Amino acid sequence: MMNMRTLLTTLVFAAAIGAKAQTVEVAAPQNVYARQTMSLNGEWNYFADVQEQGYYDYRMKPTAWGYFLNAKPQRPSDLIEYDFDASPTMHVPGDWNTQSEQLFLYEGTVWMKRDFDYTPADGRRALLYFGAVNYEAIVYVNGKLAGRHVGGFTPFCYDVTNLVHAGRNFVIVKIDNKRHQDNVPTRNFDWWNYGGITRDVLLVSVPETYVEDYSLQLDKVAQRKKRTVSFSLKLNRQEAGREVTLSIPELKIKRTYATDAAGTVSSQLPVANSQLKLWSPENPKLYKVEIAMDGETLTDEIGFRTIETRGRQLLLNGQPLFLRGVCAHEETAYSNRRCNSAADADTLLSWARDMGCNFIRLAHYPHNEHAVREAERQGFLLWSEIPVYWTISWQNAATYANAERQLTDMIRRDHNRAAVIIWSLANETPHSDARDKFLGRLAQTARGLDSTRLISMAMEVTGASNYVNRLQDNMNQYVDVVSFNQYVGWYRDVNDAPKMRWEIPYAKPVIVSEFGGGAKAGHHGDKGQRWTEEFQENLYRENLAMLDKIEGLAGTCPWVLKDFRSPRRPLPGIQDLFNRKGLVSDQGQRKRAFYVLRDWYEGKK
Ligand code: GCB
């Protein structure tokens, strides 16, 4: 991990509008929740700005007098046409769509402000951390620009030491979730475009030199009596001779290292096989890990496991494994808003567990860190992906840079999570040379950042000739696991599943990364009648029998755990702006297909 490019420590947004950038974007610190932090969650004042007049003047030039100044009238005659303090509040973290009726379908700019008290401390720096903001965030502290970030599902962080002062401070974020062709995701996608500061905001206090990132990873090669854990660490600056202590008390590991000239440490730790309990769904063992420097200790919980392929088999800790999966969006049970906590994740995970799952495909973007950690504690294996979805602008260099940044940030954040076994690069992308180049580069980047996990992407087979479905995708050479989505019985070939044959001409494990169909919970009828639970139930029966015939099938994750909001789904009385392919409804009702899948998974244990 540590040889990864330090692409983040760049001066941001030099051509600042109104306020000059006085700050530096820094890498979001590994395991941020173990740091000294002050939460900036809670109630933030907000208002929508449909025409972005708080940012552009009436000639559409960036204005120096934007809303980021948080101006107040000084004299009775002053004209100021906004007032954060008199504006309503909403909760952060949270999406705006489900917190304001007016903003339910809104896509555009919303300004948000929060005050906070700060006490500077000698020798310490203040970092402003956002877990995620969808989609574009322009961040100001005390009226000065801190930086701009695009991409709605990954963390970012600014060193704001020079922008804060003792006493009362304020942070303002201009958030814009308008969809654009060149974004990642692009203009069209089948989920709700939840806008807002959707994950935690923290003010992080760090010393001048601090541990920015570290990695602990069990090596694949096991000797008869012992195996090796690779440890690496990186400071935020290239400083030699800093003392760092790593301890894993339960494994009786305690070692002190001095950093090299690059500010890094790298080491191999032998561990006796007899001592080591491997992480697995059956026994999701996590070890307490402590990393100490200058009297400050970072505490983490880390599991050790290996993941590999052998021919068409997937091996977890050297043992063949079938992934009993399901896809899930990051949308809460019952309230159907963006998830942002372990408790939000827990309800969804409990449904997956009841269905017999040991694997979740986190669709279609990196989910929040609390969710990933909760899934890991509960023993779920995870597939994590970036929103390179459908018709991305393959030829656009900025689009590529954006996708690569999201991939890098996803891997950086979660590379210590034993639960994550697959990084996925894309979903259902149309074949072309430009796409192959784009995804090929992403694959190389992912491998460069993490050589220990498997790479995949959801490919597609959209039709069959003579009932033979043959997967063909040039990306096959880049992936470790061949995954594809198919909707036999829903978008195509209703009633034909029993006749279908599948040919996957690649000697790699196969995951069917999506299949399914819609049903409205409580709507009953004949199995030939769309939208009934019986139709979906029959579709699952026929699909599962069909999938059982695929050679090398190593796992399945049907679409989808829960009905989720989507603006592409307007059918009144049935969809009502929900994609109804859930095995569980948006109100937690289990549909008949839930039990079909559960029984099939029972047989796969
Ligand atoms: C797909 C997409 C998924 C959609 C699903 C559907 O192939 O990957 O994002 O929601 O189909 O329901 O159409």
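When a ligand or atom number is given, it counts from 1 through the structure's own listing order. Residue numbers start at 1 and run along the sequence shown. As the structure is a prediction and not an experimental result, all values here were calculated from the model.
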Just heavy atoms, cut-off under 4.0 Å: does [X] contact ligand 1 by side chain, backbone, both, or neither?
| X | answer |
| --- | --- |
| Val560 | neither |
| Trp490 | neither |
| Gln486 | neither |
| Trp559 | side chain |
| Tyr389 | side chain |

Within a distance under 4.0 Å of any heavy atom of [X], pick out the atoms of ligand 1 and give their elements.
| X | result |
| --- | --- |
| His364 | 3 (C), 8 (O), 9 (O) |
| Asn485 | 8 (O) |
| Phe564 | 10 (O) |
| Asn427 | 2 (C), 8 (O) |

Taking the cut-offs as 6.0 angstrom to the six-membered ring centre and 45 degrees off its axis, would you call Arg441 and Tyr400 a cation-pi pair? yes

With no hydrogens and no angle check, is any side-chain donor or acceptor of Glu385 less than 3.5 Å from a backbone partner on Leu425? no

Spell out, as yes or no, whether a donor-acceptor pair under 3.5 Å connects the side chain of Ser513 to the backbone of Phe484. yes

Give me the residue, atom name and distance of the protein heavy atom closest to [atom].
| atom | value |
| --- | --- |
| atom 7 (O) of ligand 1 | Glu428 OE2, 2.2 Å |
| atom 13 (O) of ligand 1 | Tyr491 OH, 2.4 Å |
| atom 2 (C) of ligand 1 | Glu514 OE1, 3.2 Å |
| atom 12 (O) of ligand 1 | Lys581 NZ, 2.6 Å |
| atom 10 (O) of ligand 1 | Asp190 OD2, 2.6 Å |

So, His364 versus Trp192, ring centres under 6.0 angstrom or not? no

What is the minimum heavy-atom distance between [X] and [Y], and which atoms define it?
| X | Y | value |
| --- | --- | --- |
| Gln406 | Gly151 | NE2-CA, 3.8 Å |
| Phe380 | Leu349 | CZ-O, 3.5 Å |
| Ala519 | Asp563 | O-OD2, 4.5 Å |

With sequence neighbours left out, the residues meeting salt bridge (Lys or Arg N to Asp or Glu O under 4.0 Å) with Arg530 are none

Quick one: does Arg569 get within less than 4.0 Å of ligand 1, heavy atoms only? yes

Quick one: does Tyr487 get within less than 4.0 Å of ligand 1, heavy atoms only? yes

If you measure every N or O of Trp390 against every N or O of ligand 1, does any of those distances drop under 3.5 Å? no

Please determine, by modelled atom types, if Asn358 and Glu282 share a side-chain donor-acceptor pair under 3.5 angstrom. no

Under the salt bridge (charged side-chain N to carboxylate O under 4.0 Å, His left out) rule, what pairs show up with a residue in residues 536-555, not counting sequence neighbours? Arg312-Glu551, Glu537-Arg541, Glu537-Arg592, Asp548-Lys604

Between Trp531 and His524, is the ring pair (Phe, Tyr, Trp, His ring centres under 6.0 Å) condition met? List the steps. CA-CA 8 Å; Trp531 306 114; His524 292 287; over 10 Å; no

